[in-house]
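Down below is the structure, laid out as structure tokens.
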Amino acid sequence: MPALRPPCPWLRVFRSTQLLSKNVYQPTKFSIRSCSCSAPHQFQNSVTVSTKAQGKNPQLNPTTSEPPTPPTDHRSLAQAHGLFITSPYSPGSPLLLPNGAYVFQKLQSFLRAQYPQFGFQEVITPTIYKKSLWEISGHWDNYAEDMFSVQGRGATGRTENAEVGQDEEFGLKPMNCPGHCLLFGNETRSHRDLPVRLADFSALHRNEISGALTGLTRVRRFHQDDAHIFCRPDQILAEIEQTLKFVGMVYDTFGLGPYKLLLSTRPLDHFIGTIEEWDRAEMQLTEALINSGREFKTNKGDGAFYGPKIDIILKDSNGKEHQTATIQLDFQLPQRFNLQYQASPEEMVAQLAGCENAKGLDNAHRRPVIIHRAIYGSLERFMALLIEHYAGTYPFWLSPRPAIILVLNQSPEILKYVTFIQSVLSGLRPVPPGSLENSNGKPTPQPLATIHLPIDVDASSRGLGKKIAEAFKKRYNHFIIVGPNEARDQTLKLEMIHQPNIPTSENALSRALGRDLQSDDYKGARISIDMSLQEARHYFETLVNEYL
């Protein structure tokens, strides 16, 4: 194997957790820990490792041994803001309303926008696989009671002595790793091709106990920002460090934190591989954490059976801790799926004895290591924690209610102008004004880069005071007031109501106006400013593009 760095003094922090035996433990039955954040975790006594003592300064949002508890339950907030419902016809499978779907899709789009700079390629994989695949991965023997089995035409699973693939049951996938192993193994890989980074937003299903189901935090059907990095052993440290930077950037953008960082080490029993392999893997994870400048804790013996892991922990409004992001090392699936790549000259020179990623292979090939990686974890769970974190006041780019147009009267001229304002601010009509139809009277396709916003309108006959009170309760980021004067001058009055990060938002507004804000632009402590439609659209685009 490639030469590894010599053990560092900080390795002693968790060295005491290692067993003295150097034998390989090969259990006949063990409990599979998934690469998802949906499974429960028992957080054991842990050892705090402070990077401050190492002369490092925490970067981005800080970590803590005790994450803060949000004040409000996401289920009550979801009801107030029309985000999702549940149904007894599909327990544990939330039904997202338009507002909830908007937030969900924004979360997906945000992460997709980051994938190119971190080298990830998105794939789409099946929802169900035959029993024989789950037998290869080990899930059928060790995870079957937590899976949903599927029977259908020609797949009853009742034929005796059936051949592999013949009349097999199907299983709804609880995780994406086996499918990604199929994709990696479909091609001949060279050491130069690694790392291969595959990402997937597929829906996953787990047969959770009914009593454990809770809102969006504990569900049976969920989506994970799942990714698997297939890399060489000498690439592990760099990939872990890069993933920690990815996590820090994302959580800083959402303003999440402080959160708890846990390094989960080798279980006392029921693990595969050698003690030396585990020591090296834990050393690389620990070095990556120290290099990140973050405080973390060691959760002794809570690693997955196939490798150690790093988890990010947040609390919900009930004080319950939830794993969100996770980074896990896996030496087992590459063996089960016989994954391999053509070894580098340095690897071919290295002796095979005791080399875990060469087991069962000739000298010209090695097995990759899999890094299971999730930034959000379950999108549903991450969304629940965000709902509680923002308590109804969302950043503009993520908000399902970024603005509402409040109409002063119902004259045809004003209503026509309001319709035009809504189409421009929502992104359906270009600025300056244009037509949605071409010369043939046919609709034209919208550019992929167009920023679309759900701009609502209240043109009811109620008084303005009642409209404002209702819109305020619904936590719109902005009010746009339109009356006869605005219709005549082709302007609008914009009020900033529930917009977080006010100083930065004011700066974005100044840039859209091309001038500094004046005292006349404030109505008490609140911004209330007359502006053109073009300036308003420019301001909204800035808020989205800068994630304000």
Side-chain angles (χ1 to χ4, degrees), residues 102 106 394-438 443-460 464 467-468 471-472 474-499 501-502 504-518 520-523 526-548:
Y102 180 83
K106 283 291 184 179
Y394 294 90
F396 182 87
W397 71 273
L398 188 64
S399 176
R401 290 172 173 164
I404 184 170
I405 302 172
L406 306 177
V407 187
L408 291 184
N409 66 51
Q410 289 71 46
S411 70
E413 295 78 11
I414 291 179
L415 293 179
K416 182 178 180 180
Y417 180 56
V418 165
T419 300
F420 178 67
I421 290 177
Q422 184 186 30
S423 66
V424 171
L425 294 183
S426 66
L428 292 178
R429 192 183 294 262
V431 180
S435 175
L436 286 174
E437 298 182 343
N438 59 26
T444 57
Q446 291 281 300
L448 292 176
T450 301
I451 295 172
H452 291 287
L453 299 169
I455 307 297
D456 294 331
V457 174
D458 186 347
S460 66
L464 180 62
K467 294 180 183 180
I468 288 177
F472 191 89
K474 290 183 176 180
R475 311 290 287 187
Y476 282 93
N477 297 68
H478 300 85
F479 297 165
I480 296 171
I481 299 175
V482 177
N485 294 338
E486 287 76 24
R488 181 195 65 220
D489 300 334
Q490 298 290 288
T491 61
L492 55 86
K493 181 181 290 293
L494 181 139
E495 295 191 5
M496 191 184 298
I497 307 299
H498 292 120
Q499 176 63 13
N501 199 349
I502 294 297
T504 312
S505 299
E506 289 176 336
N507 181 265
L509 183 57
S510 294
R511 282 182 281 154
L513 295 170
R515 63 173 178 80
D516 293 334
L517 296 180
Q518 308 296 324
D520 293 344
D521 297 326
Y522 290 84
K523 183 179 181 180
R526 193 169 71 209
I527 290 179
S528 180
I529 187 168
D530 294 315
M531 59 196 307
S532 71
L533 183 54
Q534 289 82 3
E535 290 169 338
R537 176 63 184 180
H538 182 198
Y539 167 59
F540 283 175
E541 288 178 345
T542 301
L543 293 181
V544 172
N545 288 327
E546 296 186 3
Y547 299 114
L548 299 180

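Note that these values count all heavy atoms, side chains included, but never hydrogens, waters or copies made by symmetry. Fair warning: this is a prediction, and the values are worked out from it, not measured in the lab.
For Gln410, the side chain to side chain contact (heavy atoms under 4.5 Å, CB included) partners two or more places apart in sequence, or in a different chain, are Leu415, Ser461, Lys467. With sequence neighbours left out, Thr419 forms a side-chain hydrogen bond (donor to acceptor under 3.5 Å, both in side chains) with no residue at all. With sequence neighbours left out, the salt bridge (charged side-chain N to carboxylate O under 4.0 Å, His left out) criterion links Asp458 to Arg462. Considering only residues two or more places apart in sequence or on other chains, Tyr476 meets the ring-ring contact (aromatic ring centres under 6.0 Å, His included) condition with none of them. Partners of Ile502 under the side chain to side chain contact (heavy atoms under 4.5 Å, CB included) rule, at least two apart in sequence or in another chain, are Met496, Gln499, Glu506.
A distance of 10.5 Å separates CD1 of Ile405 from CG of Leu494, quoted to the nearest 0.5 Å. In this structure, CG on Leu425 lies 9.5 Å from CZ on Phe420, to the nearest 0.5 angstrom. The structure places CZ of Phe540 at 10.5 Å from OG of Ser426, a figure rounded to the nearest 0.5 Å. Rounded to the nearest 0.5 Å, atoms OG1 (Thr491) and CD (Gln534) are 11.0 Å apart. We find the CG-CZ distance between Leu492 and Arg537 to be 13.0 Å, quoted to the nearest 0.5 Å.
Asp456 places none of its side-chain heavy atoms less than 4.5 Å from the side chain of Gln422. Side-chain contact between Leu513 and Ile529 is present, with heavy atoms from C-beta onward closer than 4.5 Å. Counting only heavy atoms from C-beta outward, the side chains of Thr542 and Phe396 never approach each other to under 4.5 Å. Looking at heavy atoms from C-beta onward, Ile414 lies out of side-chain contact with Leu408 at the 4.5 angstrom threshold. Side-chain contact between Glu546 and Asn507 is absent, with no heavy atoms from C-beta onward closer than 4.5 Å.
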What donor-acceptor contacts under 3.5 angstrom involve side-chain atoms of residues 479-488, with partners at least two apart or in another chain?
{"residue": "Asn485", "atom": "OD1", "partner": "Arg488", "partner atom": "NH1", "Å": "3.3"}
{"residue": "Glu486", "atom": "OE1", "partner": "Gly483", "partner atom": "N", "Å": "2.8"}

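Sparse packing is recorded around CZ of Phe472, with 12 or fewer heavy atoms of other residues, nucleotides or ligands lying under 6.0 Å away.
Here His498 and Tyr394 keep their ring centres 6.0 angstrom or further from each other.
Taking both residues in full, the closest heavy atoms of Pro400 and Pro454 are given as O-CG, 3.6 Å, listed atom of the first, atom of the second, then distance. Closest non-hydrogen pair, Gly427 versus His452, comes out as O-CE1, 3.6 Å. Nearest heavy atom pair, residue Pro395 against residue Asn477, reads C-ND2, 4.2 Å. Scanning all heavy atoms of the two residues, the minimum distance from Ser510 to Leu517 falls at OG-CG, 3.5 Å.
Counting only distance, with no hydrogens or angles, the side chain of Gln518 and the backbone of Asp516 share a donor-acceptor pair below 3.5 Å. A donor-acceptor pair under 3.5 Å is absent between the side-chain atoms of Tyr539 and the main chain of Arg511, judged by distance alone.
Residue His478 is tested with Ile404, Ile497, Leu543 for a side chain to side chain contact (heavy atoms under 4.5 Å, CB included); the sole match is Leu543.
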Run the side-chain contact (heavy atoms from CB on, under 4.5 Å) test on Ile451 and Trp397 for me, step by step, so that the C-alpha distance in whole Å, both residues' side-chain angles and the decisive distance to 0.1 Å come before the verdict. CA-CA 10 Å; Ile451 295 172; Trp397 71 273; over 6 Å; no

